[in-house]
Amino acid sequence: MQEISPNNKRIAKNTLLLYFRMLFTMAVSLYTSRVVLNILGVEDFGIYNVVGGIVAMFGFINGSMASATQRYLTFELGQDNRNQLAKVFATSLSIHAIISFFIVLLAETIGLWFLWNKMQIPADRMNAAFWVFQCSVAASVIMIMSVPYNAAIIAHEKMSAFAYISIIEVSLKLLIVYFLQYFHVDKLILYAVLIVIVQFIIRLCYSWYCNRHFKETKYRWIWDKTLFCEMTGFAGWNLFGNLAAITFTQGLNLLLNMFFDPVVNAARGIAVQAQTAIGQFSNNFQTALNPQITKSYATGDREYMHSLIFRSAKFSFFLLLFLSLPILIETKAILTLWLKIVPDHTVVFLRIMLCTTWVYAISNPLITAASATGKIKLYQSVVGGLLLLILPISYLCLRLGLPAYSVFIVHLGMEITAQFARLWMLRRMIRLSLREYFTKVIWRISKVTIIALAAPLAVAYWLPGEEIWNLLTICLICAISTSMSVYWFGLTSGEKIYISSRVSSIVSKFRI
């Protein structure tokens with residue numbers, strides 16, 4: 001395959017490091033999720049998820065600023081403007097301190113009112129829920145103040161830092177499981193406190209690494225009114241997108257709690273953890289590519305930028321399809337094998353969420369490209385406006401008596417609608433060819449998905465039941481079917497040649 005950029009080796013290296021980080025993190029997270037669910041019980045696990053969601057509701061303010069920080073740091077690096085880079089970091093850190101103050105203020109007023117008056121929590125667990133809420137506030141502040149440091153690492157493309165610090169983080173979370181088993185106190189409160197301690201330790205690790213390796217992260221007071229207004233203005237228009245993200249994550253979680261009991265929240269929490277674990281595969285791949293998308297825009301290399309968008313969307317989708325197809329078909333068997341105790345509704349929740357993750361995979365490169373332009377007023381007004389409709393439409397569905405999974409169907413439908421809106425606007429923002437996008441991305445992934453599904457569905461029909469051998473057979477058929485359909489119908493001739501040469505090179509190293 002013809003080289004698309006001199007940065008290919010760096011992207012490949014960063015991708016491998018992020019996958020190493022993700023595999024280790026996912027393995028430990030899946031194990032700890034299972035143990036924590038069994039130790040806390042379904043009800044307390046649901047309480048932890050929904051109470052923490054109240055604080056996360058206010059996090060959309062921080063999320064909009066995080067996008068601005070990432071964009072401006074990466075853009076200035078692309079233009080090699082070191083003085084402006086230091087100003088951007090100092091300004092972003094000051095803004096995040098202000099955001100932390102307001103989120104604490106909102107959480108301790110509106111958030112507490114909502115907890116005591118609107119949440120469906122058993123009376124004997126309200127005290128525990130209160131302390132979980134306070135710990136969630138503390139953890140949120142710690143994460144908010146970490147955003148500029150994490151953004152600096154991604155902008156510099158030093159992905160090894162994420163790999164090593166993530167190992168520390170998941171190792172500490174593994175210790176939490178040990179403490180939960182052997183300390184005879186309220187385990188829900190203990191779990192929330194220990195999570196805060198881990199967040200604080202990881203925050204120190206990231207700031208230490210940045211202060212040692214990047215000159216601009218050594219904080220000093222810098223006041224640049226123009227930059228402050230520009231960054232907050234960018235963040236302000238990003239507010240729609242991040243507010244929408246909160247509506248279809250924590251907003252739907254709280255909505256489910258208003259109509260159902262905590263068991264439904266536990267089911268949603270498990271489904272989200274599984275969805276997140278699968279989604280990390282494409283997120284890590286895109287994290288390695290996203291800085292290059294922004295930097296290519298900063299240098300005016302539109303052709304390279306478009307090629308990155310196409311490849312990021314296509315290969316992220318193929319990777320997710322490979323991993324999620326057996327889970328989509330054998331959801332109940334896999335959840336039972338993983339958790340032993342599977343809360344009601346988890347299977348249908350997870351299946352719909354996996355389909356939504358497929359849409360995420362092809363939308364994220366477009367989101368990065370839109371942010372790179374810095375001109376997001378119309379973009380966020382339209383896309384954010386569409387996604388904000390998820391919560392009121394879902395509320396209407398539940399009021400009409402529709403089942404709990406209807407809210408996730410609404411989410412999926414609105415995500416697809418928003419994807420078409422993104423494409424229409426990026427046609428002018430970055431001169432993106434819609435015909436080229438549909439030919440190189442949509443058409444190819446559609447063919448691959450339809451063909452990959454055929455054989456596993458046929459085998460699953462003839463092998464009913466949840467026996468372990470049936471599950472292994474389906475997983476094997478899915479892997480073969482997806483791999484073959486991706487190779488023959490998803491790749492260009494140049495990509496086939498490149499992959500064949502790489503495989504031959506790897507095989508030759510193991511020959512005697």
Using residues 315-324 as the side-chain source, report each donor-acceptor pair under 3.5 Å to any protein atom, sequence neighbours left out, with the distance given to one decimal.
unit_1: S316; atom_1: OG; unit_2: Q286; atom_2: NE2; d: 3.1
unit_1: S316; atom_1: OG; unit_2: S312; atom_2: O; d: 2.5
unit_1: S324; atom_1: OG; unit_2: L320; atom_2: O; d: 2.6
unit_1: S324; atom_1: OG; unit_2: W358; atom_2: NE1; d: 2.9

Search all heavy atoms of L378 against all heavy atoms of M425 and return the closest pair with its distance.
-> O-SD, 3.8 Å
What's the shortest heavy-atom distance between L188 and A128, and which atoms?
-> CD2-CB, 4.0 Å
Side-chain contact test, heavy atoms from C-beta onward, threshold under 4.5 Å: evaluate it for T294 versus S371 and give yes or no.
-> no
Looking at side-chain heavy atoms only, is the closest gap between E330 and C475 below 4.5 Å?
-> no
Candidate pair F200 and L204, rule side chain to side chain contact (heavy atoms under 4.5 Å, CB included), full reasoning | CA-CA 6 Å; F200 181 71; L204 293 179; 3.7 Å; yes
Interatomic distance, I390 atom CD1 to L255 atom CG [nearest 0.5 angstrom] = 12.0 Å
In Å and rounded to the nearest 0.5 Å, what is the CD1 to CG distance from I278 to L354?
-> 7.0 Å
May I ask you to check whether E415 and T356 show a side-chain donor-acceptor distance below 3.5 Å?
-> no
What's the spacing between L398 CG and L402 CG if we round to 0.5 Å?
-> 7.5 Å
Side chains of M353 and Y360 in contact at under 4.5 Å (non-hydrogen atoms) | no
Between S406 and P403, is there a donor-acceptor pair closer than 3.5 Å when you use the side chain of the first and the backbone of the second?
-> yes
Under 3.5 Å, side chain of T109 to main-chain N/O of L106, donor-acceptor pair present?
-> yes
Between Q199 and E169, does any side-chain donor sit less than 3.5 Å from a side-chain acceptor?
-> no
Just jot down the ring pair (Phe, Tyr, Trp, His ring centres under 6.0 Å) partners of Y405, sequence neighbours excluded, or say none.
-> none
Which atoms form the tightest heavy-atom contact between L328 and C355, and what is the distance?
-> CD1-SG, 4.4 Å
Separation between CZ (R399) and SG (C397), nearest 0.5 Å, reads 12.5 Å
If you look at every heavy atom in T449 and I445, which pair is closest and at what distance?
-> OG1-O, 2.7 Å
Distance from L105 atom CG to S100 atom OG, nearest 0.5 Å?
-> 12.5 Å
Charged N-O contact under 4.0 Å between D44 and K187 | no
Any side-chain heavy atom of Y395 within less than 4.5 Å of one from V407?
-> no
Minimal heavy-atom distance between L252 and H411, with the atoms involved, is CD1-CB, 4.5 Å
4.5 Å side-chain heavy-atom contact, F260 and H345 | no
Considering the options V264, I270, V272, which one meets the side chain to side chain contact (heavy atoms under 4.5 Å, CB included) requirement together with F349?
-> V264
Is the closest side-chain heavy-atom distance between W131 and D186 below 4.5 Å?
-> no
pair T346-R268: side-chain heavy atoms closer than 4.5 Å | no
Between A418 and L386, what is the shortest heavy-atom contact and its length?
-> CA-CD1, 4.1 Å
Is Y206 close to I202 at the side-chain level, that is, under 4.5 Å between some pair of heavy atoms?
-> yes
Side chain to side chain contact (heavy atoms under 4.5 Å, CB included) evaluation trace for C135 with I195 | CA-CA 8 Å; C135 289; I195 288 293; over 6 Å; no
Y149: partners by ring pair (Phe, Tyr, Trp, His ring centres under 6.0 Å), with sequence neighbours left out | F89
L93 side, atom CG; S207 side, atom OG - distance, nearest 0.5 Å = 10.0 Å
